[in-house]
Amino acid sequence: MADKKDTSPALKRSWFQELKIEFGKITWPGKAMLAKETGVVLITAVLLGGLIVVVDWLLNLALQFLW
């Protein structure tokens with residue numbers, strides 16, 4: 001038979017206490033670091049999007065030439 005999990009209030013309280021402790025260990029980035037990383041992500045997304053557009057355009061030209 002399947003084992004039943006212990007869902008006593010003491011176990012839940014302990015889990016939530018440990019979760020709170022773990023969240024306290026998180027180091028959140030400052031505003032400057034967050035702005036810098038956001039900028040890098042946006043620039044990368046724009047460059048990658050541009051690369052995809054160029055490759056798509058070149059493939060379209062190649063296929064039109066073949067047809």
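Just so you know, residue 1 is the first one in the sequence shown, and it goes up from there. Fair warning: this is a prediction, and the values are worked out from it, not measured in the lab.
With rounding to the nearest 0.5 Å, the separation of CG in Leu42 from CG in Leu47 is 11.0 Å. Separation of atoms CD1 (Ile21) and CD (Glu18) is listed at 6.5 Å; rounding is to 0.5 Å.
Other residues sharing a hydrophobic cluster with Val55 under the 4.5 Å side-chain heavy-atom criterion for ILVMFWY residues are Leu48, Leu51, Ile52, Leu59.
A continuous path of ILVMFWY side-chain contacts below 4.5 Å connects Val54 to Leu61, so both sit in one hydrophobic cluster.
Every residue meeting the side-chain contact (heavy atoms from CB on, under 4.5 Å) condition with Phe23, not counting sequence neighbours, appears here in chain and number order: Leu19, Ile26.
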